[in-house]
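Throughout, a chain's letter reflects where its sequence line sits, starting with A, and its residues are numbered from 1.
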Amino acid sequence: GNSVTQMEGPVTLSEEAFLTINCTYTATGYPSLFWYVQYPGEGLQLLLKATKADDKGSNKGFEATYRKETTSFHLEKGSVQVSDSAVYFCALLGYTGFQKLVFGTGTRLLVSP
Amino acid sequence: DTGVSQDPRHKITKRGQNVTFRCDPISEHNRLYWYRQTLGQGPEFLTYFQNEAQLEKSRLLSDRFSAERPKGSFSTLEIQRTEQGDSAMYLCASSLGTGATNEKLFFGSGTQLSVL
């Protein structure tokens, strides 16, 4: 079945450091791929997505490229801020016609000033 | 747009008791989803409604679980005879369902259930 594997956290960085959170997936066909973010005390929010191979999703300085050859969708940001501290979830969506997402286990990011 | 509301935010119950959670989706959204998130794991899909019809149920949803969405508005999730393994965060989400890949889910903050 479909599955998502993310790097374990926490990831601890200083402000303005470069961020990479790895995500790989297993799926039949060509799923859509997502990154969701969960800030403390809030619900999950869609951060970015990509629906086909070589697509790049971007939002708020974050980027991720859909790599079919490596079945990966790594999240990157060139310069993190303290306000980026949150839990990040990679997810995939197969061909269901509705939002039956398969999530990874989440990676906690802690950014210090 | 007031977002997706869930009530209560926290629920502590004793094993064997019944509990009910409520979700109020964004008003114009026709699709409603329930997910469950256990500690250290990502959310897992439980069930999905299109208007008032429950169209998909995960195998995770045992016979002790029942979800309803009367009149296609708010939804309730009931757990009967709770077990300690039911302890989790129960997340509700809604969307304006188009069936397309650009459908966007909006999540509530969840109900944290602790079964003692």
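- If you measure heavy-atom distances from B/L91 to chain A, the contacts under 4.5 Å come from the side chain alone.
- Linking Ile, Leu, Val, Met, Phe, Trp and Tyr whenever their side-chain heavy atoms come within less than 4.5 Å leaves B/L77 and B/F106 in two separate clusters.
- Here CG of B/L46 is found 10.5 Å from NZ of A/K100. Values are rounded to the nearest 0.5 Å.
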- Message: Pair A/F103, B/F45 - check side chain to side chain contact (heavy atoms under 4.5 Å, CB included), show working.
- Response: CA-CA 9 Å; A/F103 285 89; B/F45 171 83; over 6 Å; no
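- Counting heavy atoms from C-beta on, the side chains of A/Q99 and B/R31 never come closer than 4.5 Å.
- Around the CD atom of A/E15, the shell of radius 6.0 Å holds more than 12 heavy atoms that belong to other residues, nucleotides or ligands.
- Taking the six-membered ring where the residue is Trp, A/F98 and B/Y48 present parallel rings, their angle staying beneath 30° rather than reaching 60°.
- The 12-atom threshold is exceeded at CZ of B/R64, counting heavy atoms of other residues, nucleotides or ligands nearer than 6.0 Å.
- For B/E56, the part lying under 4.5 angstrom from a heavy atom of chain A is the side chain only.
- A/L92 and A/M7 fall within a single hydrophobic cluster, where Ile, Leu, Val, Met, Phe, Trp and Tyr side chains are chained together by heavy-atom contacts under 4.5 Å.
- Applying a 4.5 Å heavy-atom cutoff, the residues of residues 104-113 of chain A that approach chain B are A/G104, A/T105.
- Heavy atoms from other residues, nucleotides or ligands lying under 6.0 Å from CG of B/L116 number more than 12.
- Put simply, A/V11 and A/V4 are part of the same group of oily side chains (I, L, V, M, F, W, Y) that touch within less than 4.5 Å, one to the next.
- If you chain together hydrophobic residues whose side chains sit under 4.5 Å apart, B/V19 and B/Y90 fall into the same group.
- You'll find the side chain of B/P43 reaches within 4.5 Å of the side chain of A/L44, heavy atoms only.
- For chain B, the nearby part of A/L46 is the side chain; its heavy atoms alone come within less than 4.5 Å.
- The 12-atom threshold is exceeded at OH of A/Y39, counting heavy atoms of other residues, nucleotides or ligands nearer than 6.0 Å.
- Interface remark: A/E8 contributes no atoms to any contact with chain B (heavy atom separation under 4.5 Å).
- Rounding to the nearest 0.5 angstrom, the gap separating the CZ atom in A/F34 from the NZ atom in B/K104 is 11.5 Å.
- Other residues, nucleotides and ligands contribute at most 12 non-hydrogen atoms within 6.0 Å of the CD1 atom of B/I12.
- Heavy-atom minimum distance, B/S109 versus A/G41: OG-O, 4.0 Å.
- Per-residue heavy-atom pair counts under 4.5 Å with chain A were compared for B/Q50, B/Q37, B/E44, and the maximum is reached by B/Q37.
- Here the side chains of A/Y36 and B/F107 are in contact, with some heavy-atom distance below 4.5 Å.
- Heavy atoms from other residues, nucleotides or ligands lying under 6.0 Å from CD of A/E16 number 12 at most.
- With a 4.5 Å cut-off on non-hydrogen atoms, B/Q6 does not touch chain A at all.
- Note on B/L105 and B/M89: same hydrophobic cluster, where clusters join Ile, Leu, Val, Met, Phe, Trp and Tyr whose side-chain heavy atoms are under 4.5 Å apart, directly or indirectly.
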